[in-house]
Each structure stands twice: as C-alpha cells, then as structure tokens.
Amino acid sequence: LDPLLILLNSIASGLSDEELSKMKFLCKDKIEKRKRDEVQSGQKLFDILMERRLIAHDNLEFLKKLLQHVHRDDLVAQVVHFEEEDPHAPDDQPNGHEKPVNVICDYIGREWKKLLRELGMPEVKLDRIVAAYPRDLDEQLVQGLRQWQLRKGKDAKVADLIKALRACDLNYAADKVEE
C-alpha cells in the first residue's frame, strides 16, 4: 500500500464535517465549484488535490497549509512526521551501484555534516541523527547518507556525491569514491 494514501486516509478520517467544509472553501481557487460541491469526504478532496499535483509524495506543503488553517496542528504533525520518514516505494530506492557508503566512511570523519549540508539535507535531520547516535561518528555518517538516499530516491547519484565531496574540499574521499 502507498504510504501517502495511508496518511491521507488517516487524516481524512480525522476531519469533522465543519473542517472539511472549511478546507473545501480554502480550495476555492484550486477546484471549480462543481467539483467542490461533489466533495463529501476528505478522501475525495485529497483525491482531487492529488490529481492536480497539489498533494504529492514530494510536495505536502499545500496539505499542511490547509490543516493549519483549520487549526489541526495534530494532523500537521502527522504530515511532518511522514515527511521526515521519507517513505518511498521500493523502486524509488537507489540501486546497489549508487551506495559507496563504506568508502566514504573510511575517509570523511567529522566532516560528515558539512558533506550532507552540501547535499541539501535539512539541519533538523542532521541534529536528529546526532541525537540518535551521539557517540558513533561512523553511524552518524551512514544514517545521514541513508537519509539522503531515501530523500533523493533514484536521483541519489554517485556523481552528485563526488561533486559534493569536492565542494567540501574532501578530494581524497572523492577520488576513492571514483575508484
């Protein structure tokens, strides 16, 4: 089952009729009146928003805004948790040739956060990794790279990793990865 659909189903079942009505109103400029009038459930609303790419695996900002405007911070927290987990279908995972983790672990050390920042990882994720593995530098790097791979899916390429290593002046590690 698609994790996003499970999330949306859970959110939809937690919405009151009044909250659904408010969310439909907030979608006035996104969904024409006839379609809005057909919406009788959160699932139907989310289905339309997904068709219009206003809700997608990699884009949940609109959903969070809707939930914030109907004062459902508990549901916003659910969405944020979902985003942090970065669930992807198995075919979105990088292939075995795109995992030079062991080589990088041997040559990075304390510079791992600098590398992951260069790769675009949010600071909050880096902080959570440090909190989860406070005394294990290698595991922090492994988890950071794993999060980056999950976040990027098929776009997690060795070439991007090498480019980021070079941008961080970690040229020796970049050379080893290229080998």
Side-chain angles (χ1 to χ4, degrees), residues 1-95 98-99 112-113 115-134 139-140 142-157 160-161 164:
L1 295 176
D2 184 337
L4 178 60
L5 296 180
I6 293 169
L7 171 72
L8 294 175
N9 187 54
S10 172
I11 290 171
S13 65
L15 294 173
S16 70
D17 290 341
E18 182 182 348
E19 290 164 338
L20 177 62
S21 178
K22 289 177 181 179
M23 289 174 74
K24 285 170 44 176
F25 177 79
L26 293 168
C27 291
K28 207 172 192 170
D29 62 333
K30 308 286 185 203
I31 303 171
E32 63 274 6
K33 183 177 179 2
R34 182 184 55 79
K35 277 267 201 202
R36 277 195 329 273
D37 290 344
E38 292 174 8
V39 172
Q40 299 300 314
S41 69
Q43 287 93 340
K44 180 65 178 170
L45 178 63
F46 297 151
D47 191 37
I48 293 169
L49 294 173
M50 286 177 68
E51 285 174 5
R52 294 166 191 238
R53 301 287 303 154
L54 293 166
I55 295 177
H57 283 277
D58 59 349
N59 183 10
L60 298 173
E61 292 307 310
F62 188 73
L63 175 61
K64 288 191 293 190
K65 286 179 184 175
L66 282 176
L67 294 171
Q68 286 169 342
H69 285 293
V70 296
H71 308 291
R72 288 301 305 267
D73 293 333
D74 58 323
L75 297 178
V76 173
Q78 227 180 314
V79 175
V80 169
H81 178 71
F82 175 86
E83 288 176 318
E84 289 169 354
E85 294 296 314
D86 284 323
H88 289 284
D91 63 341
D92 283 346
Q93 300 304 308
N95 65 38
E98 301 293 329
K99 295 183 178 181
W112 73 273
K113 283 177 109 177
L115 171 65
L116 287 164
R117 283 186 195 108
E118 185 67 31
L119 290 168
M121 286 292 293
E123 196 68 31
V124 67
K125 285 197 184 238
L126 300 179
D127 292 342
R128 286 193 177 132
I129 291 168
V130 170
Y133 306 94
E139 191 60 26
Q140 290 172 359
V142 169
Q143 292 301 319
L145 289 171
R146 183 176 165 272
Q147 288 293 318
W148 172 72
Q149 286 178 321
L150 289 171
R151 181 179 173 89
K152 297 294 277 187
K154 288 182 179 179
D155 293 330
K157 303 294 180 194
D160 293 336
L161 199 47

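Heavy-atom basis, side chains included; hydrogens, waters and symmetry copies ignored. It should be emphasised that the depicted structure is a prediction, and the values quoted were computed from it without experimental measurement.
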Taking [X] for the side chain and [Y] for the main chain, is one N or O donor matched with an acceptor at less than 3.5 Å?
X    : Y    : result
R72  : G14  : yes
K24  : V39  : yes
Q140 : Y133 : yes
Q40  : D37  : yes

Any side-chain heavy atom of [X] sitting closer than 4.5 Å to one from [Y]?
X    : Y    : value
L75  : V70  : no
W112 : L145 : no
L119 : L116 : yes
K125 : R151 : yes
L7   : H57  : no
W148 : D160 : yes
L66  : K22  : no
N59  : R53  : no

Spacing of [atom1] belonging to [X] relative to [atom2] belonging to [Y], to within rounding of 0.5 Å:
X   : Y   : atom1 : atom2 : answer
M50 : L63 : CE    : CG    : 10.5 Å
Q78 : L60 : CD    : CG    : 12.0 Å
I31 : F25 : CD1   : CZ    : 13.0 Å
D17 : S41 : CG    : OG    : 10.5 Å

Q. Is there a side-chain contact (heavy atoms from CB on, under 4.5 Å) between I11 and F46 once you walk through the steps?
A. CA-CA 10 Å; I11 290 171; F46 297 151; 3.8 Å; yes
Q: Tell me, with the steps shown, if K30 and I48 meet side-chain contact (heavy atoms from CB on, under 4.5 Å).
A: CA-CA 10 Å; K30 308 286 185 203; I48 293 169; over 6 Å; no
Q: For a side chain to side chain contact (heavy atoms under 4.5 Å, CB included) with I129, tell me which candidate from E139, R146, Q143 qualifies.
A: Q143
Q. Hey, which of D2, I55, D47 is the one that makes side chain to side chain contact (heavy atoms under 4.5 Å, CB included) with L8?
A. I55
Q: Please determine if E61 and K64 form a salt bridge, counting it only when a charged side-chain N lies under 4.0 Å from a carboxylate O.
A: yes
Would you name the heavy atoms of [X] and [Y] that are closest together and state the gap between them?
X    : Y    : result
A164 : L115 : CB-CD1, 3.7 Å
Q43  : A12  : N-CB, 3.5 Å
E19  : S16  : OE1-N, 2.8 Å

Q.
Counting neighbours of CD on E123 that are heavy atoms of other residues, nucleotides or ligands and sit closer than 6.0 Å, is the number greater than 12?
A. yes
Q) Is it the case that more than 12 heavy atoms not belonging to D74 sit under 6.0 Å from its CG atom? A) yes
(Q) Show, in sequence, the C-alpha distance, side-chain angles and deciding distance for K157 and K152, and conclude whether the side-chain contact (heavy atoms from CB on, under 4.5 Å) test is met. (A) CA-CA 9 Å; K157 303 294 180 194; K152 297 294 277 187; over 6 Å; no
Q. So L20 and L45, side-chain contact (heavy atoms from CB on, under 4.5 Å) or not? Walk me through it.
A. CA-CA 8 Å; L20 177 62; L45 178 63; 4.0 Å; yes
